[in-house]
Trainee: 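Shown below is the structure under consideration.
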Amino acid sequence: MGESATLAVHRCRFVDYTPSAITAVAFPPLPLPSISDKSKSPSVKQPLCFGTLAVGHANGNIDLCEWAGERDQQSTQAWVIRKTLPGPHPSKVDSLAFVLRYPDDLTADDTPSCSDLRLFSSGGGSDLLEWDVDRACVKRTINSQGGSIWCMAANPASSLLALGCEDGSVRLLSLVNDTLTHYRRFDRLKCRVLSIAWGPPIPQYPQKKNIDRGHDSDSDDEEDTWTDAWLVTGSSDSSIRKWDVATGRVVDRMGMDKIRGERTLVWTVGVLGDGTIVSGDSLGIVKFWDSRTCTQLHSFQGHGADVLCLAIGPEGNTVFTSGVDQKITLFSLVKTGNSDNTSGTFTRRWVQSCSRRMHSHDVRALATWPPYTVLPSSHKRRFPIEISPILASGGLDMSVVVTPAALPSTIVKVINPLSTSAHCTFEDSYHRRLAYSAGASGVPAVQVARKARLISCIRDSGVSIWRVKAGPSINDDTDSQDADPTHFPESAAWEKVLEMDLNVHTNLVASGISDDGRWLVVSDLYETKLFSLTLDAQDNHVVRRIRDFSSILQVHLPSSDTSTGGQAFRFTPDSSKLVMSTMASSYVLVIDLAGEKPRVLRRFDQHRSKNSIVHDRVIKGCKSDGDVDMVDATNNDDCSVYPQKSSTPAVVSILRMSISPDGQWLATSDDHARTHIFNLDSIQHHSVLPTFAKPTQVLAFDPRQPNILIMAFPDNSLQVYNVESRQFPAWGKEFCSNLPKRFTHAHDPVLGVAFDIASASGSDVVPQYALFWGSTWICKLSVSDSASRSLTKKRRRESTKASSLLPTDDTRGDLRIITHYRPILYLDFLASGELVVVERPLVDVLSHLPPAYFKHKYGAS
């Protein structure tokens, strides 16, 4: 198997999983600079860490994505989904907004983390939702009192949130001190408010009398005060209005172009630091306005159809627009000449620089990192020019596209954070299409029952199950699923055996199916549903729901917790036990299914304790309750004693689980990067691993050595851990430190790992190999002690040199990467030498959408 492996492959394209369209993207804002430093514009000397990317979907879900690499370094995987906030069913996300929870606690150079942020969303109704990111649920709701919310925007100080409503009014909500209350209502118009943006705030300088009286503390408070002067809205009556925030009245009105007397819709507006207003409308025109005189400065026919979104570059000298015609157009502020020979000042004007088509359907949202902060010219924020900013876009084609968006520079060499190419300018660089979500929180929505040969897939509110029939061997070249499924004869290689639509409160978040196909479990945010599957005389599946399953779970949960929803499920190999992690309370429950009715054997609360976190790390040399020996586990030289248990439990999401093939060991990992090991034979906690830089992406036990746990991370790095000895073996360290670059630098993060059953039961002479897979690739690697010893230091050096010179080849004999299956939803072995690959091609997904915008040009092919 070290040289090659021949497998029968079931290439399954009948799974009708459809990802949801992207309707909003957002990056967190940066804190406002201090007014006291007026001598020069605030600048960021060190590169900013990459912030959280929030992606809103048409089904109401919100994906929170974290940078896969080091927070301020390059990463080929870019942003990876860390957690999914399940939306109410049915619902949608139209607008997203991040605000700072306590802006005064952060400096201007800090990058806010999820704990520093508040997330708001609106979905076309009259309710504004605030999300609890830790518990993945809605924290607060408030009615707009003005009908449907069409748009929203937070002010630069994160103290007010403006809503544009159906009744033509603008509502201001107060966000001070982590509150959410109505603050003010502007004058009502006779049209809808479709877009909204805040103008630059005005710094409030201290008064001389306070300084003379020696009120130092008061003057410091006044120095850091920013006052909002005005905001701008785009309406459905062909106009843009400038509003006075203090009075709530219209200051001036700007009219848009019309065709045949029809109203022009202003879908998006933005404001620059010098007061320039940017607008995009339903005619495809992008206009620049002077906010002082409210007159038009420039007008560009940048698009062939509606302009739905715009984003402003980090320093305010670039504007990106996009919409129905799938193009992203760049507008740049350039110098045009010397207008005043005495002062030497240059005149500047906006020009349309270039356009690129990176999407296959309508583009609904744009965002840039670092984010643009609307500030006066005296306090304009500047960023290091050697790091390229990144533009993120999303739309109906369900994928987030990220691309470097730097301006041409001849001063320094600009670094591309995505590592896609040496070019970093928006016009010349290569873009990256992030794989569309294959399930909530990055966990595949598809599961496989090996013994029963079943494939299950959950949707927003339903579940489907197919059976893969046993038949003649299928080689890699056989693609029997390319044809229309309705053309298959009765002896087809697959059949759908079950289709269920469930009554749920939120979209489904997790599922599991037992290896023998007797049990099926699904869950939304509030309730876990367990089903028993049996076969009747006609070989049809009979479904019976275990009605009292929620009440059985509720007995073992806190009385204050009314939710029995689960985040992750795993059945033991003999299907006698179910292990689940609870959604709201962060417990791990071991449930016995062998009796007449399910019974909870034990509840583990190790993930709720705060004593295993010391500065986000388990510190070297500290042992408690059989923890791993940190001397063998990490090179951290710090050592301290665990603090005492806190009365307030930690709020975590346990998203990854794995059970060893012999059913003895259970591994669980949460979003705080903590991994615990449990013994299912004695049903006791066994050990806790050190936390790594990123949460675990994949957990898997080696079938040949059930005590070996393999952990994969978003940056495609690996760790090997011996559960029984509670150590990281030496061969595992050598194996993980010498991974091929083609594997670690793959453009998509690893989503799973599969082991061939034949190699698990083979002789010791045959090295064990594993199939690691991502959305667009499958990689075969030998994972064993013998395979690690066979690679000498000299061969590793030669392999590294060869891989750098020849990216398409690798001298490592146990490496094989296949890229012609894509996009992959799931991969696993059904039997010895029999592999199932579940694909969902983008062409099949787009075929269910309405036709994209297309305008034929004469003479174009």
Side-chain angles (χ1 to χ4, degrees), residues 64 66 80-86 114 132-137 439-445 447 506 508-512 521-528 553 556-558 561 563-572 577-591 600-613 616 618 625 648-660 665-680 683-692 694-701 709 711-714 721 723 752:
L64 299 180
E66 298 286 354
V80 177
I81 297 177
R82 181 176 68 90
K83 181 185 292 187
T84 297
L85 311 180
C114 281
D132 188 330
V133 175
D134 292 332
R135 292 181 171 83
C137 63
S441 301
V443 179
Q447 301 291 328
T506 68
L508 295 178
V509 296
S511 69
V521 60
V522 295
S523 176
D524 64 357
L525 181 63
Y526 299 106
E527 183 182 13
T528 297
L553 298 179
H556 298 270
L557 299 177
D561 184 10
S563 170
T564 61
Q567 288 182 316
F569 301 96
R570 282 295 181 270
F571 290 91
T572 55
K577 297 184 183 69
L578 168 65
V579 182
M580 65 173 289
S581 62
T582 58
M583 176 70 71
S585 50
S586 305
Y587 287 113
V588 176
L589 301 180
V590 181
I591 304 164
V600 177
L601 299 178
R602 183 155 184 191
R603 183 189 74 183
F604 294 106
D605 60 354
Q606 275 73 15
H607 285 277
R608 290 166 54 91
S609 62
K610 293 184 177 180
N611 65 340
S612 59
I613 299 180
D616 281 341
V618 176
D625 192 21
T648 304
V651 180
V652 298
S653 297
I654 307 171
L655 301 173
R656 303 295 190 271
M657 278 188 180
S658 181
I659 296 178
S660 61
W665 302 107
L666 165 69
T668 61
S669 184
D670 58 34
D671 59 347
H672 284 189
R674 295 182 298 174
T675 302
H676 289 269
I677 307 298
F678 303 89
N679 190 322
L680 292 181
I683 314 183
Q684 291 181 350
H685 181 260
H686 181 70
S687 64
V688 56
L689 275 68
T691 58
F692 296 93
K694 296 292 181 181
T696 305
Q697 184 80 358
V698 175
L699 289 173
F701 284 93
L709 175 66
M711 296 173 288
F713 299 91
Y721 176 64
V723 176

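Treat the numbers as computed from the prediction; the structure is a model and nothing was measured.
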Trainee: Just by distance, do the side chain of Thr564 and the backbone of Leu553 share a donor-acceptor pair under 3.5 Å?
Mentor: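 Between the backbone of Leu553 and the side chain of Thr564 there is no qualifying donor-acceptor contact (under 3.5 Å).
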Trainee: Under 3.5 Å, is there a donor-acceptor pair between the side chain of Ser586 and the main chain of His607?
Mentor: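 No, because the side chain of Ser586 does not come within donor-acceptor range (under 3.5 Å) of the backbone of His607.
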Trainee: Does the side chain of Gln606 come within less than 4.5 Å of Val688's, by heavy atoms?
Mentor: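 Counting from C-beta outward, Val688 and Gln606 never come under 4.5 Å.
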Trainee: Applying the ring pair (Phe, Tyr, Trp, His ring centres under 6.0 Å) test to Trp665, which of His685, His686, His676 qualifies?
Mentor: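 Only match with Trp665 under ring pair (Phe, Tyr, Trp, His ring centres under 6.0 Å): His686.
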Trainee: Using a 4.5 Å cut-off on heavy atoms from C-beta on, say whether the side chain of Pro714 contacts that of Arg82.
Mentor: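 In short, these two side chains do not touch, never coming nearer than 4.5 Å.
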Trainee: Phe571: what forms a ring pair (Phe, Tyr, Trp, His ring centres under 6.0 Å) with it, not counting sequence neighbours?
Mentor: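 Expected list: none.
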Trainee: For Val133, does its backbone N or O pair with a side-chain atom of Lys83 as donor and acceptor, under 3.5 Å?
Mentor: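 Indeed, once roles are kept as given, a pair shorter than 3.5 Å links the two residues.
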Trainee: Taking Arg570 for the side chain and Ile659 for the main chain, is one N or O donor matched with an acceptor at less than 3.5 Å?
Mentor: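 Pair absent, no side-chain N/O of Arg570 close to backbone of Ile659.
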Trainee: Taking the side chain as everything from C-beta on, heavy atoms only, tell me whether Ser669 gets closer than 4.5 Å to Phe692.
Mentor: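 No, too far: nothing below the 4.5 Å cut-off.
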Trainee: Checking the side chain of Thr506 only, and the main-chain atoms of Leu525 only, is there a donor and an acceptor separated by less than 3.5 Å?
Mentor: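 Indeed, once roles are kept as given, a pair shorter than 3.5 Å links the two residues.
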Trainee: Given 3.5 Å as the limit, does a donor-acceptor pair link the side chain of Thr84 with the main chain of Ala440, or not?
Mentor: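 Not at all, since once roles are kept as given, no pair shorter than 3.5 Å links the two residues.
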Trainee: Check the orientation of Phe678 and Phe604. Use parallel for under 30°, tilted for 30 to 60°, and perpendicular for over 60°.
Mentor: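 Ring orientation of Phe678 relative to Phe604: tilted.
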Trainee: Quick check against the 3.5 Å criterion: does Arg608 have a side-chain atom that pairs as donor or acceptor with the backbone of Ser585?
Mentor: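 Pair found, side chain donor or acceptor close to backbone of Ser585.
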Trainee: Would you mind reporting whether Asp561 and Thr582 have side-chain heavy atoms less than 4.5 Å apart?
Mentor: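 Heavy-atom side-chain distance check fails, nothing below 4.5 Å.
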Trainee: Is a side-chain N or O of Ser660 found less than 3.5 angstrom from the main chain of Phe701, in a donor-acceptor match?
Mentor: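 Pair absent, no side-chain N/O of Ser660 close to backbone of Phe701.
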Trainee: Got a second to check how far Gln567's CD is from Ser441's OG, nearest 0.5 Å?
Mentor: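 That separation rounds to 7.0 Å.
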Trainee: Can you check whether Ser653's main-chain N or O pairs, donor with acceptor, with Asp671's side chain at less than 3.5 Å?
Mentor: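 Side chain of Asp671 to backbone of Ser653, a donor-acceptor pair under 3.5 Å: yes, one is there.
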Trainee: Between Thr691 and Ala673 (side chain of the first, backbone of the second, donor and acceptor by atom type, cut-off under 3.5 Å), is there such a pair?
Mentor: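 Such a contact is absent between Thr691 side chain and Ala673 backbone.
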